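This report concerns only the one structure given below.
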Amino acid sequence: SAPGTKPFAPTAKLKTTAEAKETADGAKETIIRGQEAAAEDQEAAKTTIITTGAQKSADGPKEAATRPQKSAEAERSGELKLIIKLRDPSQMPDNLNEDDMVCLPLKYLDRPPRANTAAYLPRGIADERKLIKDMERAKESGIDWAVCGNLGHIKPAKQLGFRLIAGFSMNIYNSLCLGALEKSGFERAVLSPELSNKELFSGGIETGIFAYGRLPLMLCRNCPIKRSDCSGCRHTIKDRLSKTFPVVCQDGFCEILNSSPTFIAHPGDDFCFLSFETETREEVNSIVSNFKKGIVPKNGKFTSALYRNGVL
């Protein structure tokens, strides 16, 4: 060292080769133990998932047992109760039971065609005052039920004393929504068409599914076909794949319907909702007969919509 300076004195002793090896071996052992613990945690998580799934499967029959029972007439006849929506009375089938319900637009209800008839309220409201007047006229003619397609229908329908059915466009996707509608006075509800078979549920009121019909793809204020007037209207549009989509105009709105009708032969609900927009009376008779017999037609192009896979 240089004159006048103190020699370097380390504050800690340098580790020997043996000590360094012992430290490295300890670190390896710690890593191995950590990996073993992580593997044990992962295995425990798998066991929990399997147990939970088994518990859900065990609870399934209990939930099914709490479903509302079908009416006595439907049980006696062995047939599923139907609620069918018609475009107009000319489509009226002749093979319905008394327990089956027919829904018609308000303009056809001055003289109801049968006892068990409901008012099918328009999904779009162009003139609220006219809507309420039409509802009053239907009520005076003896109509007791109203199918609500949006929240704006609930207040006037209740004020006029209608019994309420929630339509498919109310998008009833879970039991909380169904419970809220029950508290609002609804007695029946068509569940959301976006639910899959595994996601269907029931509650304190009767529930059904959209089992047949062309699901609306779009509700428009302006018609996509109309130029100046409706004379010579072809009532259809085509996409780039040349698929044909029916266009139905009424109540100041038009609806673009799916190119293929939904057909779901599902007997597990309290009722099935069938919608007929483009079908003839003969076709309506045939489809209603098939549903009552549980037959899926082999001819014709149908879709199961989201019933198999759902949205998520």
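We count residues from 1, following the sequence as given. As the structure is a computational prediction, the values presented were derived from the model and not from experiment.
Between the side chain of Ser242 and the backbone N or O of Lys238, no donor-acceptor pair lies under 3.5 Å. Arg123 places no side-chain N or O within donor-acceptor distance of the main-chain N or O of Asn150, the cut-off being under 3.5 Å. Checked by atom type and distance alone, the side chain of Asp251 never pairs as donor or acceptor with a backbone atom of Phe253 at under 3.5 Å. Although no hydrogens or angles enter the test, the distance criterion places a donor-acceptor pair under 3.5 Å between the side chain of Lys158 and the main chain of Ser184. Judged purely by atom type and a 3.5 angstrom limit, Asp270 uses its side chain to pair as donor or acceptor with the backbone of Thr207. A distance-only check finds no donor-acceptor pair linking the side chain of Asp134 to the backbone of Leu131 [under 3.5 Å]. In this structure, Thr236 contributes its side chain and Thr244 its backbone to no donor-acceptor pair below 3.5 Å. Judged by distance alone, with hydrogens and angles left aside, the side-chain atoms of Asn97 form no donor-acceptor pair with the main-chain N or O of Asp99 at under 3.5 Å. No side-chain donor-acceptor contact under 3.5 Å links Arg111 to the backbone of Ser141. Side chain of Asn285 to backbone of Asp94: a donor-acceptor contact under 3.5 angstrom is found.
Taking every heavy atom of both residues into account, Leu178 and Ser202 meet most closely at CD2-C, 3.9 Å. Closest non-hydrogen pair, Gly149 versus Ser169, comes out as O-OG, 2.7 Å. A pairwise comparison of heavy atoms in Pro261 and Lys301 identifies CD-O, 3.4 Å as the closest pair. Annotation for Pro113 and Thr117: closest pair CD-OG1, 4.2 Å, computed over non-hydrogen atoms. Between Leu121 and Ala146, the closest heavy-atom pair is CD1-CB, 4.3 Å. Among all heavy-atom pairs drawn from Ala126 and Arg221, the shortest one is CB-NH2, 3.8 Å.
One distance of note links CG of Leu274 with CD1 of Ile209; it measures 9.5 Å at 0.5 Å rounding. Atom CG of Asp110 sits about 5.5 Å away from atom CZ of Arg137, to the nearest 0.5 Å. Atoms OG and CD, from Ser175 and Glu182 in turn, are 11.0 Å apart once rounded to the nearest 0.5 Å. Between the CD1 atom in Ile143 and the OH atom in Tyr120 there is a gap of 15.5 Å [rounded to 0.5 Å]. Once rounded to the nearest 0.5 Å, the distance linking CD1 of Ile287 with CG of Leu82 reads 11.5 Å.
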_Check against side chain to side chain contact (heavy atoms under 4.5 Å, CB included), Phe271 and Val190_ = CA-CA 9 Å; Phe271 63 88; Val190 182; 3.9 Å; yes
_I'd like to know whether Met170 forms a side chain to side chain contact (heavy atoms under 4.5 Å, CB included) with Ile154, so could you lay out the CA-CA distance, the side-chain angles of the two residues, the decisive distance to 0.1 Å, and finally the verdict._
CA-CA 11 Å; Met170 293 285 280; Ile154 299 176; 4.1 Å; yes
*asked:* For a salt bridge (charged side-chain N to carboxylate O under 4.0 Å, His left out) check, start with the C-alpha distance between Lys85 and Glu277, then their side-chain angles and the critical distance, and finish with the verdict.
replied: CA-CA 8 Å; Lys85 190 265 180 180; Glu277 292 290 347; 2.4 Å; yes
*Checking side chain to side chain contact (heavy atoms under 4.5 Å, CB included) for the pair Ile132/Gln159: CA distance, chi angles, key distance, verdict?*
CA-CA 10 Å; Ile132 294 175; Gln159 288 177 341; over 6 Å; no
*Go through the steps for Leu164 and Arg188 under the test side chain to side chain contact (heavy atoms under 4.5 Å, CB included), then give the verdict.*
CA-CA 7 Å; Leu164 305 182; Arg188 296 173 181 170; over 6 Å; no
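In the hydrophobic clustering of ILVMFWY residues, with side-chain heavy atoms under 4.5 Å counting as a link, Phe245 and Ile225 come out together. Linking Ile, Leu, Val, Met, Phe, Trp and Tyr whenever their side-chain heavy atoms come within less than 4.5 Å puts Ile264 and Leu200 in one cluster. Tyr173 and Phe186 end up in the same hydrophobic cluster when Ile, Leu, Val, Met, Phe, Trp and Tyr side chains are linked at under 4.5 Å. In this structure, Ile237 is a member of the same hydrophobic cluster as Met218, with clusters built from ILVMFWY side-chain heavy atoms closer than 4.5 Å. One hydrophobic cluster holds both Leu191 and Leu151 under the rule that ILVMFWY side chains link at heavy-atom gaps under 4.5 Å.
Using a 4.5 Å heavy-atom threshold, the side chains of Leu106 and Met135 count as touching. Using a 4.5 Å heavy-atom threshold, the side chains of Lys81 and Asp100 count as touching. You'll find the side chain of Val288 reaches within 4.5 Å of the side chain of Phe276, heavy atoms only. Counting heavy atoms from C-beta on, the side chains of Glu98 and Asn116 never come closer than 4.5 Å. With contacts defined as side-chain heavy-atom distances shorter than 4.5 Å, the pair Ile84/Gln91 does not qualify. Within the 4.5 Å cutoff, the side chain of Leu96 has heavy atoms near those of the Arg114 side chain. Between Tyr108 and Leu86 the shortest side-chain heavy-atom distance does not fall below 4.5 Å. Inter-residue side-chain proximity for Thr262 and Pro193 is flagged as unmet; no heavy-atom pair is nearer than 4.5 Å.
Listed by first then second residue, pairs satisfying ring-ring contact (aromatic ring centres under 6.0 Å, His included) with a partner in residues 123-168 read Phe168-Phe210, not counting sequence neighbours.
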